Amino acid sequence: VKEIKVAQIGTGFMGKTHSLAYRALPTFCPADVEVNLVVLADVTEQLASTGARMFGFENWVVGWERIFDHDIDVVDIVTPNDLHPVIALEAARLGKHVICEKPLAVDVAQTLEMVEAVEEASVVNMVCFNYRQTPAIRMARKLIDEGAVGEIYHFRGQYLQDWCVDPQSPFVWRFQASKAGSGSLGDIGSHAIDYARFLVGEIDQVVAMTDTFVKERPLPGSQTMHPVDVDDAVSMLFRFKNGAMGNLEASRFCYGRKNMLTFEINGSEGSLYFDWEHCNDLLYYSARDQEDRQGYRDIKIGPVHPHAEAFWPIAGINMAYFETAVLQACEFVTAIAEDRPAVPDFRDGLQIAEIMDAALQSAAGGGWVKVKQVV
Ligand SMILES: NC(=O)c1ccc[n+]([C@@H]2O[C@H](COP(=O)([O-])OP(=O)(O)OC[C@H]3O[C@@H](n4cnc5c(N)ncnc54)[C@H](O)[C@@H]3O)[C@@H](O)[C@H]2O)c1
């Protein structure tokens, strides 16, 4: 049994998710590991100490630099995006394995630095595109690999939320380019881009348009306004290297859509449709079905499907967000135990950064922009 000693930085939404996932690993993950939650960091004593008690860490520290005072193997980065690079670089320099939330950094240059650092240090590295861990997505990939949809013509992706529509919704780091990089594009659109790459292949060129509907927001608990300098919404068209056509929309301004991460894929033999708000259902249409009974069939995800085996004994009990984090943590610790690369890794994160950068260049007036290939 390999012992893996974890340091985690950040106690927010993802801090909670990642640490809970580590604690669930012995129940669901076959890896021959013992994961110990050694130290948790945040910016105040209150956040760090409360987080350590709630999440089950042995120690807490104020300020991320102090995690390295402890004996650790892994650094788990769940802070705002602008802090990912400095932490990842230091972790790699000290030979620690790194798992980092998406997007990896605020721009391509910093993302590249992170890739070079982890590759030079030969540490296991993983970027948290957790939505690709969803069993229905693995089943979609299996159907594509088996030729069940044939040659792919279309990928139509969306990631829509509505938590930003209210102009009084306060200014948080997600509205600031220096901390987030981009807005809806990096925050949610990056997951839809990950689906496009995972299911269809690499993107060759992009044309995009963005908008910022609410140009300033009140600082939390105050009347003082702060300018918003990221996109509220992005629409993009793209061409895959294999010739398929793609389009994708990401917006946090869609009343009624809470976490609507969808795609439809249309091919020469059939189609697939998925909506993450109904993530236990994969819709599959086969053109090979007898004509009088053709229609989308609803595959109910259960233990016979890839990535769902270790969870619940029957379909219909349903898996959701938490299980994606468990599967992600399982992939990361298994890669460490087996001394192999984790998937998706920082280079995947860099490829997505390149696609987002091409989209932003295009939106700024560049027309079609060729995507630099780095994988
Ligand atoms: N994969 C997903 O589904 C998903 C979902 C949400 C967020 N994210 C990503 O996770 C990351 C964190 O997002 P979140 O929603 O948890 O944010 P959050 O604002 O809820 O939490 C961020 C945490 O980082 C802490 N922090 C800030 N500066 C710090 C510092 N210098 N040292 C230590 N801690 C510091 C904050 O105090 C807070 O606890 C972001 O990169 C975001 O894009 C991913």
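Hydrogens, waters and symmetry mates play no part in the numbers below; they use all other heavy atoms, side chains included. What you are looking at is a predicted structure, and each value in this text was computed from that prediction instead of being measured. As the structure lists them, so they are numbered: ligands from 1, and atoms in each ligand from 1.
- Other residues sharing a hydrophobic cluster with V214 under the 4.5 Å side-chain heavy-atom criterion for ILVMFWY residues are V165, F213, F253, Y255.
- With a 4.5 Å cut-off on side-chain heavy atoms, D32 and K2 do not count as touching.
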Full working for side chain to side chain donor-acceptor pair (under 3.5 Å) between T262 and D275: CA-CA 4 Å; T262 69; D275 173 358; over 6 Å; no

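- Between F28 and W312, the two ring planes are perpendicular [angle over 60°; tilted spans 30° to 60°].
- Using a 4.5 Å heavy-atom threshold, the side chains of T11 and K16 count as separate.
- Using cut-offs of 30° and 60° for the angle between ring planes, the F129 and H191 rings count as perpendicular.
- Residues lining ligand 1 at a heavy-atom distance below 4.0 Å are given as I9, G10, T11, G12, F13, M14, D42, V43, L47, V78, T79, P80, N81, L83, H84, E101, K102, P103, C128, N130, Y131, W173, R174, H191, Y321, ordered by chain and residue number.
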